[in-house]
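Okay, so here's the structure we're looking at.
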Amino acid sequence: MTDEERMSYETFVAERRAQIMELVGQAAARAGRDVSEVTVLGVSKTVDVDKVVCAWHAGYAGFAENRPQELRRKAQAIAEIDGMQGVRLDMIGNLQTNKVKQVIGIAHLIHSVSSLHLAEAISKRAVAGGTSVRGLLEVNVSGEQSKGGFTPAEVTEQLDELLALPGLSIEGLMAMAPAHDSAAARATFSGLRELRDELRVRSGLPLDTLSCGMSDDFGIAVEEGSTLVRLGRVVFDPAYPLGV
Ligand SMILES: *Cc1c(COP(=O)(O)O)cnc(C)c1O
């Protein structure tokens with residue numbers, strides 16, 4: 001970006017952020033929730049580091065990537081920017097067991113722990129590296145074939161085993177809603193919350209984090225209890241029409 005392009009992008013991202021935070025605040029208020037319970041992550045997978053820096057200036061405290069290699073690349077670039085060291089980068093995409101080592105020690109939180117097999121691989125790597133990894137269990141609440149993650153029955157069945165894995169700390173659940181269907185989105189998010197409430201009783205653990213809500217459905221997600229919304233296009237794309 002030229003200096004001029006950067007200045008105009010900074011203005012766009014800051015104005016857009018104010019609109020987004022206003023909508024998050026309104027959705028929280030409709031649900032009688034405190035807006036401070038909701039963290040907004042910028043999903044930076046389609047933009048380069050210079051735009052991430054603009055978003056950081058605008059106030060986003062964390063970002064998320066869906067590919068291990070890109071997560072590493074962004075983490076390295078961010079580490080070289082004054083003041084940005086330690087800015088949160090989360091892993092939100094499909095993670096293969098042979099890529100686990102690429103994200104351990106870099107991802108602040110792995111939202112996409114999508115099977116017992118993957119959880120075991122993360123645990124093994126974390127223990128070998130003398131570290132601990134924070135994770136969310138990705139659940140296919142809507143039951144769409146195209147979506148990964150545990151079925152609600154699997155996560156319930158395998159919960160004890162998952163929670164017993166050393167080096168992996170399960171802090172909550174993550175889900176994605178069907179696209180372009182706000183009723184289905186609401187059912188997905190409320191289903192996720194209800195599943196979490198059941199697992200909370202079973203495990204005695206808080207499982208406080210509910211990662212749900214993207215550009216098209218974050219207002220609904222916040223109404224239904226999301227604590228972590230993952231916003232890509234609405235944050236970074238001036239052509240994305242905002243209106244939730
Ligand atoms: C890309 C992506 C997002 C952000 O999607 P937008 O619709 O651009 O907000 C959120 N979560 C995951 C898992 C993604 O891959």
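Both backbone and side-chain heavy atoms feed into the values below; hydrogens, waters and symmetry mates do not. Numbering of ligands and ligand atoms starts at 1, following listing order.
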(request) List the closest protein heavy-atom neighbour of atom 5 (O) of ligand 1: residue, atom name, distance to the nearest 0.1 Å. (result) Met214 CE, 3.7 Å
(message) Given the ring of Phe63, does Lys74 sit roughly above its face, with NZ or CZ under 6.0 Å from the centre of the six-membered ring and within 45° of the axis?
(response) no
(request) Examine the side chains of Glu10 and His57 and answer whether a donor and an acceptor come within less than 3.5 Å of each other. (result) yes
(request) Could you list the atoms of ligand 1 found under 4.0 angstrom from a heavy atom of Met176? (result) 13 (C)
(request) Starting from atom 7 (O) of ligand 1, find the nearest protein heavy-atom neighbour and note its residue, name and distance. (result) Arg233 NH2, 2.8 Å
(request) Would you please determine whether Asp216 falls within less than 4.0 Å of ligand 1 on a heavy-atom basis? (result) no
(message) Once you restrict to heavy atoms under 4.0 Å, what part of Ile92 touches ligand 1? Side chain, backbone, both or neither.
(response) both
(message) Does either side chain, that of Arg202 or that of Thr156, offer a donor lying less than 3.5 Å from an acceptor on the other one?
(response) no
(request) Using a strict cut-off of less than 4.0 Å between a Lys/Arg side-chain nitrogen and an Asp/Glu carboxylate oxygen, indicate whether Glu70 and Lys45 qualify as a salt bridge. (result) no
(request) Give the residue and atom name of whichever protein heavy atom lies nearest to atom 2 (C) of ligand 1, and the separation in Å to one decimal. (result) Lys45 NZ, 2.6 Å
(request) Could you list which atoms of ligand 1 come closer than 4.0 Å to a heavy atom of Ser215? (result) 6 (P), 7 (O), 8 (O), 9 (O)
(request) Please state which part of His111 comes within less than 4.0 Å of ligand 1, counting heavy atoms only: side chain, backbone, both or neither. (result) neither
(message) Restricting to non-hydrogen atoms, name the atom on Tyr60 and the atom on Gly42 that form the minimum distance, rounded to 0.1 Å.
(response) CD2-N, 4.5 Å
(request) Answer yes or no: is there an ion pair linking Arg233 with Asp216, defined by an N-O contact shorter than 4.0 Å? (result) yes
(request) List the closest protein heavy-atom neighbour of atom 11 (N) of ligand 1: residue, atom name, distance to the nearest 0.1 Å. (result) Arg230 NE, 2.9 Å
(message) Could you tell me, atom by atom, which parts of ligand 1 come under 4.0 Å of a heavy atom of Leu231?
(response) 9 (O)
(request) Enumerate the atoms of ligand 1 whose separation from the nearest heavy atom of Gly232 is less than 4.0 angstrom. (result) 4 (C), 6 (P), 8 (O), 9 (O)
(message) Could you tell me if Gln26 and Glu22 have a donor-acceptor pair between their side chains, going purely by distance under 3.5 Å?
(response) yes
(request) Kindly say whether Met214 contributes a backbone atom to a donor-acceptor pair with the side chain of Asp217 at under 3.5 angstrom? (result) yes
